[in-house]
Amino acid sequence: MTVRVRFAPSPTGYLHIGSARTALFNYLYARHTGGKFLLRIEDTDLARSTEESTQSILEGLEWLGFAPDEEIVFQSNNADKHRAIAVKLLEEGKAYRDFTPKVSEQPASAAGREISVKDAIKERARAAGDQKSMRDNPFRDITEVEAETRIANGEPFAIRLKVAENGKTAFEDGVYGLQERDYAETEDLVLLRSDGHPLYNLAVVCDDIEMGITHVIRGQDHLTNTHKQILIYRALGVEPPIFAHLPLIMAPNKGKLSKRKHGEVVSMTTYRDAGFLAEAFRNFLALLGWSASEEQEIYSMDELISKFSLEGIHRSNAVFNFKENDPRHWTDDKAMWMNAEYIRTMTLADLIPHVKAELKSAKLWREEYEPDLRAVVATVPSTEAQSFEASTEIADRPETIAIEPLEVGTYDWFLRTIDAIRARFFTLKDFSSQGRAYFSEDFDFDPAAVAKNLTKFPELREWLPQLADRFESEFQAETRPVGSVPSDGSDGSLPFSEANIETVVKAFTEEKGFKLGVIMNGARTMLTGVAVGPSMLTVFEIIGFERTLMRLRSQVAWND
RNA sequence: GUCCGGUUCGUCUAGGGGUUAGGACACCGCCCUUUCACGGCGGCAACACGGGUUCAAAUCCCGUACCGGAUACCA
């Protein structure tokens, strides 16, 4: 039997973190078993379902990389079938018409509606005490004649499943084990509303049957629904699929993680837009409620697929930990850490396309960074550059190309730069914000960095331009046009490379009788606008000779 | 109210009769260094509670507490 699973979100908002994890687990299970991963949009709640929501969910899934293996099913398209099935159950005597007038819903705000409904349910239950019977619907056993009369009078009716007096439903949950529920705990659930619209439990069962679903993997909030659905399966004479329920993902206070209360932080598109890598986020999500019983935490998609199993899913809820009013911890620290971990350890070949997209959207991308153009603009021959394309293992490449100064703005320079700055970055956004100075002359100065590294040492205002002069004389730049390679040493001058820069800066610092760090960090802020980054020698080199002179001489940072 | 689940560091988790209860994130400290959010080393920090069973319980059983879910003509 081929496994067929589905992810079935209802389009009443964006794709949130819990749904995303459900989608992930379904996807992993399908891939692990060689089965099919299907997608069904449960848009039967006409009042709440929206087209934007469907789009947003689809976007979220696309970002995460969970493409369905078959065409998307829209549940609302199957309403006629669902209706027909309800009628069939009615005709078979397995369901009955309930003429009880529908209790009109409060016109309460959509926001508070759910809570007030739940409160009402509790109130009702408390008031009823133990007296309440799930089998006391007055229309459960009315005669066909009476029913016909009422229909003739135009009385609207809902169709309810006729649950037997005695017995229980039972199923073996893939995660929670044996689940039993006495019929006395299950009401005669409504299959079809009095306005003719099918209800969730009916629709789900019908669609799952039609789609040939073999395993239903969904949130634990559906655990009790499952009993109702099994009743429908039985009434239909169809063997139920295997069910596996997932623990829920909670807010930091262990309460419900809701779109309304917690907003953006639970939306998938937030993470996409915040510069997260889908592979990193998937990895994070996989570890929320599942583990392979080992200490490894970083998993490639292939590893997740091969290691995933229902047995590894927990029964207890997990907390998605974040601090609402703390920008530094606006989302779960582990998610952020994992994203950073991916950024600094993945191969450059995998990272570059993401950086490219980010720089493009920030208008910082230049065609010169394209590898294809290297041959046209490169003046530094690079044999490593060719092996780069041939090989996917390029993690240690930067060390091999760091030997010679690279022309600013070329593909090789680009690779070196990305590799140098990524170590301290957390998201893709950092490449265009903190890393902006590497790609543009138009960058801002972080006030904290200016205060710490510049204004604290007023001497620097004169010394840094002097350092520029020193560079100029040592590296003899005046004969070369802006943007050219500083020097490869062939003209008799010193190459503008780390070792040489170090010698010059150290000599300069000693003359001034100052600490090296003060000069270096002053220069760091002048050159990059921030207080953190790679080794300053590397920064000098990748910012390049001409830009270094220009920025050291600039007074912009000094004028608040 | 009733039914169903759950409970190991702040968070994610490993461990399922004998462990100094392990790892990761976060936090703190030290080191490296020209800075740092990189890296290295270290620290803080947990078996909800009460009974049993057992030579031995975080682990098995019962109860309690707390948390969560469900209980809709929502999904």
Side-chain angles (χ1 to χ4, degrees), chain A residues 8-10 12 42-45 47-49 75 98 100 102-103 105 113-114 117-118 120-130 132 134 156-160 176 179-182 184-187 189-195 197 199-201 203-204 219-225 227 245 247-248 250 252 254-256 284 287-289 291 293-298 314-322 328-329 332-338 340 344 422-426 430 434 449 452-453 502 505 509 515-525 530-537:
Chain A
S10 60
T12 57
E42 310 226 315
D43 53 351
T44 51
D45 186 340
R48 292 193 296 166
S49 299
Q75 190 159 68
D98 180 5
T100 311
K102 186 187 173 191
V103 284
E105 227 167 56
R113 198 186 109 194
E114 190 169 345
V117 168
K118 293 204 173 193
I121 292 167
K122 269 189 201 167
E123 257 331 295
R124 216 180 305 150
R126 250 192 294 276
D130 331 331
K132 173 71 181 161
M134 293 294 198
F157 59 88
I159 295 180
R160 303 188 94 111
Y176 287 91
Q179 298 292 308
E180 294 182 297
R181 193 175 169 87
D182 200 285
E185 301 293 338
T186 304
E187 68 167 349
L189 58 144
V190 174
L191 265 17
L192 205 63
R193 304 208 295 206
S194 51
D195 63 6
H197 283 101
L199 254 78
Y200 173 72
N201 284 306
V204 168
Q220 182 245 70
D221 49 336
H222 288 288
L223 210 44
T224 43
N225 275 331
H227 289 96
H245 289 87
L248 270 19
M250 315 303 288
K254 298 194 192 299
K256 194 171 181 182
F284 168 74
L287 264 20
L288 230 41
S291 87
S293 296
E294 61 184 6
E295 292 188 347
Q296 183 177 343
E297 306 223 68
I298 301 292
H314 308 149
R315 295 183 183 185
S316 52
N317 296 339
V319 168
F320 182 61
N321 202 21
F322 61 95
R328 205 179 150 84
H329 302 280
D332 195 301
D333 288 328
K334 200 148 188 175
M336 190 60 93
W337 166 79
M338 198 163 282
R344 59 185 172 241
R422 67 172 171 163
R424 289 160 183 80
F425 286 174
F426 283 82
D430 290 333
Q434 288 191 63
K452 180 187 171 199
N453 293 336
E502 182 170 26
V505 176
T509 310
K515 286 180 70 176
L516 182 63
V518 175
I519 300 289
M520 285 294 197
N521 291 320
R524 177 187 299 286
T525 299
V530 295
V532 303
S535 154
M536 237 350 253
L537 298 173

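A, B, ... follow the sequence lines: proteins, then strands. Residue 1 opens every chain. Worth knowing before you read on, the calculation uses all heavy atoms, side chains too, and leaves out hydrogens, waters and symmetry mates.
Side-chain atoms of A:E297 lie closest to B:rG23 of the nucleotides B:rA26, B:rG23, B:rA75. Listed candidates were B:rU34, B:rA26, B:rC38. Nearest to the side chain of A:M536 is B:rU34. Closest to the side chain of A:V532, from the set B:rA72, B:rA37, B:rG5, is B:rA37. In this structure, of B:rU13, B:rG69, B:rA75, it is B:rU13 that holds the atom nearest to the side chain of A:S291. Among B:rC73, B:rU11, B:rA75, the nucleotide with an atom closest to any side-chain atom of A:V319 is B:rU11. Considering only the side chain of A:H329, B:rC27 comes nearest among B:rC27, B:rC73, B:rC12. The nucleotide whose nearest atom lies closest to any side-chain atom of A:E187 is, among B:rA75, B:rU71, B:rG5, B:rU71. Each of B:rU2, B:rG22, B:rU11 was ranked by its minimum atom distance to the side chain of A:E185; first place goes to B:rU2. When each of B:rG22, B:rA75, B:rG69 is scored by its nearest atom to the side-chain atoms of A:S10, the top-ranked nucleotide is B:rA75. Of the candidate nucleotides B:rC27, B:rC3, B:rG5, B:rC3 has the atom nearest to the side chain of A:R181.
When each of A:N453, A:L537, A:T509 is tested with A:M520 by the rule side-chain contact (heavy atoms from CB on, under 4.5 Å), just one qualifies, namely A:L537.
We find the OG-CZ distance between A:S10 and A:R48 to be 6.5 Å, quoted to the nearest 0.5 Å. In this structure, A:F426 CZ and A:Q434 CD are separated by 9.0 Å, a value rounded to the nearest 0.5 Å. Going from atom CE of A:M338 over to atom CG of A:D332 covers 9.5 Å, rounded to the nearest 0.5 Å.
Scanning both residues, A:E297 and A:L287, for their nearest heavy atoms gives O-CD2, 3.4 Å. The minimum heavy-atom distance between A:A184 and A:M134, with the atom names listed, is O-CG, 2.9 Å.
Using a 4.0 Å heavy-atom distance criterion, A:G219 is classed as making no nucleic acid contact. Residue A:S535 is classed as a base contact, given a heavy-atom separation below 4.0 Å to a base. Using a 4.0 Å heavy-atom cutoff across all strands shown, A:P247 reaches no nucleic acid atom at all. Heavy atoms of A:Y200 sit under 4.0 angstrom from at least one base atom. Within 4.0 Å of A:E502, counting heavy atoms only, lies no atom of the nucleic acid at all. Within the 4.0 angstrom heavy-atom criterion, no nucleotide atom of any strand lies near A:R124. At a threshold of 4.0 angstrom between heavy atoms, the contacts of A:I121 include nucleobase atoms, whether or not backbone atoms are also involved. Contact annotation for A:Q296: no contact, since no heavy-atom pair falls under 4.0 Å across all strands. Contact annotation for A:N225: base contact, defined as any heavy-atom pair under 4.0 Å involving a base atom.
For B:rC3, neither phosphate oxygen OP1 nor OP2 lies less than 4.0 angstrom from any side-chain nitrogen or oxygen of A:T224. When the side-chain nitrogen and oxygen atoms of A:H314 are compared with OP1 and OP2 of B:rA14, one or more of them lie within a distance under 4.0 Å. Residue A:S293 has no polar side-chain atom (N or O) positioned under 4.0 Å from OP1 or OP2 of B:rU13. A:R315 has a side-chain polar atom (N or O) that falls below the 4.0 Å cut-off from OP1 or OP2 of B:rG6. Between A:K515 and the phosphate of B:rU34, there is no side-chain N or O to OP1/OP2 separation shorter than 4.0 Å. In this model, the phosphate group of B:rU2 is not approached by any side-chain N or O of A:K122 to a distance below 4.0 Å at OP1 or OP2.
Using N1 to N3 plus N6-O4 or O6-N4 for Watson-Crick, or N1-O2 and O6-N3 for G-U wobble, each under 3.5 Å, B:rU71 pairs with B:rG1. Of all nucleotides present, only B:rG43 satisfies the Watson-Crick or G-U wobble test against B:rC27, with each distance under 3.5 Å.
Between A:R328 atom CZ and B:rA26 atom P the separation is 9 Å, expressed in whole Å. Between the CD1 atom of A:I519 and the C1' atom of B:rU35 there is a distance of 14 Å, given to the nearest Å. In this structure, CG of A:N317 is placed 10 Å from P of B:rC12, rounded to the nearest angstrom.
Comparing the P positions of B:rC41 and B:rG23 gives an interatomic distance of 12 Å, to the nearest angstrom. Here, B:rA46 and B:rU11 have their P atoms 12 Å apart, quoted to the whole Å. Nucleotides B:rU53 and B:rU59, compared at atom C1', are 13 Å apart to the nearest Å. With C1' as the reference atom, B:rC38 and B:rA70 are 48 Å apart, rounded to whole Å. For the P atoms, the distance linking B:rG15 with B:rC60 amounts to 13 Å, nearest Å. Between B:rC9 and B:rC47, the two C1' atoms lie 10 Å apart (nearest whole Å).
In terms of polar N and O atoms assigned as donor or acceptor, the side chain of A:K334 comes within less than 3.5 Å of the base of B:rC12 in a complementary pairing. You won't find any donor-acceptor pair under 3.5 Å spanning the side chain of A:N321 and the base of B:rA26, going by distance alone. Donor-acceptor pairing under 3.5 Å, judged by distance alone, is present between the side chain of A:S194 and the base of B:rC73.
For the pair A:L537 and A:D195, both in contact range of RNA chain B, the more 5′-proximal nearest nucleotide belongs to A:L537.
Taking a cutoff of 4.0 Å between a charged side-chain nitrogen and a carboxylate oxygen, A:R193 and A:D195 qualify as a salt bridge.
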